[in-house]
Peer 1: 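Provided herewith is a single structure, encoded as structure tokens, for subsequent inquiry.
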Amino acid sequence: MNQMLRCPHDQRFSDLIRSRTGIQLPVHRRQMIESRLRPRISAVGASGFDNYLSRLFDDGLLEEELPLVIDLLTTNKTDFYRESVHFDVLVREIVPEAIRRTAPHAPRLKIWSAASSEGAEAYTTAIVLAEAQRAGQRFSYAILGTDISRRMLERAQRAIYSTEQLAPVPSELRARYTMKARAPTHAGTARIVPELRDRVQFMHLNLMDQTYSVDRDVDVIFLRNVLIYFGAEDQAAVVSRMVSHLRPGGYLMVGHSESMVVSHPHLTQHSPSIFRKT
Ligand SMILES: C[S@@+](CC[C@H](N)C(=O)[O-])C[C@H]1O[C@@H](n2cnc3c(N)ncnc32)[C@H](O)[C@@H]1O
């Protein structure tokens with residue numbers, strides 16, 4: 001039987017998630033949606049997915065549940081040094097160029113990880129920039145990480161990662177920029193050192209919002225592996241808002257599978273998945 005007929009709320013739920021988060025979850029992916037939401041279905045004591053949806057829409061549970069629903073429906077996969085060419089370009093081109101541009105003064109780079117998940121992208125940036133400073137480059141930097149998932153933001157702020165998560169970080173840098181936990185309860189984990197944590201701030205931000213409370217002279221925006229979840233209209237709107245937060249000459253980095261969706265009159269392509277504001 002047609003699943004939409006079985007539950008009148010399926011389409012409404014799918015539309016709601018799209019309008020609130022940009023994430024496209026067509027009703028034919030009901031099984032996946034249902035399995036991700038199982039913890040909430042149990043938590044509110046609903047008899048099943050249909051009953052959970054009617055609790056949201058008919059019993060006024062929606063606004064209370066929504067943040068938790070979003071936490072469960074977002075795909076948060078991330079890695080340290082993911083798509084590492086972006087970090088190479090940052091250190092080999094963007095930093096030296098900024099130093100030349102502001103000479104004799106040292107520049108202060110503003111970096112935004114705009115779908116930061118649990119922070120690996122922001123802390124990888126901090127590690128490579130700290131290394132550039134150690135190598136004698138004169139600059140300072142501030143990193144902002146934002147995400148729609150409050151659960152991921154809490155993890156990012158904690159900055160505690162498992163040995164497996166930290167495996168892509170070269171061992172010498174792991175020794176320099178992470179500290180092993182002493183408590184037995186945290187065995188097998190390490191925390192990013194305070195000197196790097198101090199450079200990174202995390203904040204809740206929904207890319208679907210019409211305006212973002214972020215500076216408009218950002219040097220580099222990482223907007224990686226998030227546009228793929230949005231429809232074409234939302235992708236274009238988000239890219240356009242990102243452009244308005246870059247300083248002229250600033251860079252937008254997207255995931256390698258997302259290059260094709262980036263098109264804006266003020267962006268020129270620097271290389272696959274890297275764009276520059278004119
Ligand atoms: C697959 S992760 C990508 C993480 C990181 N950028 C990377 O490439 O490794 C996608 C992230 O986008 C976030 N996200 C999805 N929709 C969002 C929205 N509307 N606003 C802000 N973040 C969103 C998710 O919560 C998730 O943490």
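Atoms within each ligand, like the ligands themselves, are counted from 1 in listed order. Values reported hereafter were calculated over all heavy atoms of this structure, with side chains retained and with hydrogens, waters and symmetry mates removed. Quick caveat: nothing in here was measured; it's all calculated off a predicted structure.
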Peer 1: Inspect the contact between E121 and R224 and indicate whether a charged nitrogen and a carboxylate oxygen are less than 4.0 angstrom apart.
Peer 2: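 Salt bridge present between R224 and E121.
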
Peer 1: Using modelled atom types and a 3.5 Å cut-off, is there a donor and acceptor pairing between side-chain atoms of E34 and backbone atoms of Q31?
Peer 2: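 Flag not set: sc E34 to bb Q31 has no pair under 3.5 Å.
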
Peer 1: Does F80 have its ring centroid less than 6.0 Å away from the ring centroid of Y161?
Peer 2: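 Yes, the ring of F80 comes within the 6.0 Å limit of the ring of Y161, centre to centre.
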
Peer 1: Which protein residues have a heavy atom closer than 4.0 Å to any atom of ligand 1, listed by chain and number?
Peer 2: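 Ligand 1 is contacted, at a heavy-atom distance under 4.0 Å, by T21, I23, T74, T75, N76, K77, T78, R82, A115, S117, E121, D147, I148, S149, L205, N206, L207, R224, N225, V226, Y229, F230.
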
Peer 1: Apply salt bridge (Lys or Arg N to Asp or Glu O under 4.0 Å) to E93 and list each qualifying residue two or more places apart in sequence or on a separate chain.
Peer 2: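 By the salt bridge (Lys or Arg N to Asp or Glu O under 4.0 Å) rule, E93 matches no residue at all.
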
Peer 1: Which atom pairs, one a donor and one an acceptor, fall under 3.5 Å between side chains of residues 39-49 and the rest of the protein, sequence neighbours left out?
Peer 2:
| residue | atom | partner | partner atom | Å |
| --- | --- | --- | --- | --- |
| R40 | NE | E65 | OE1 | 3.0 |
| R40 | NH2 | E65 | OE2 | 2.8 |
| S42 | OG | R38 | O | 3.1 |

Peer 1: My understanding is that only residues two or more places apart in sequence, or in another chain, count here; which of them pass salt bridge (Lys or Arg N to Asp or Glu O under 4.0 Å) with D215?
Peer 2: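 In terms of salt bridge (Lys or Arg N to Asp or Glu O under 4.0 Å), with neighbours along the sequence ignored, D215 is linked to K110.
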
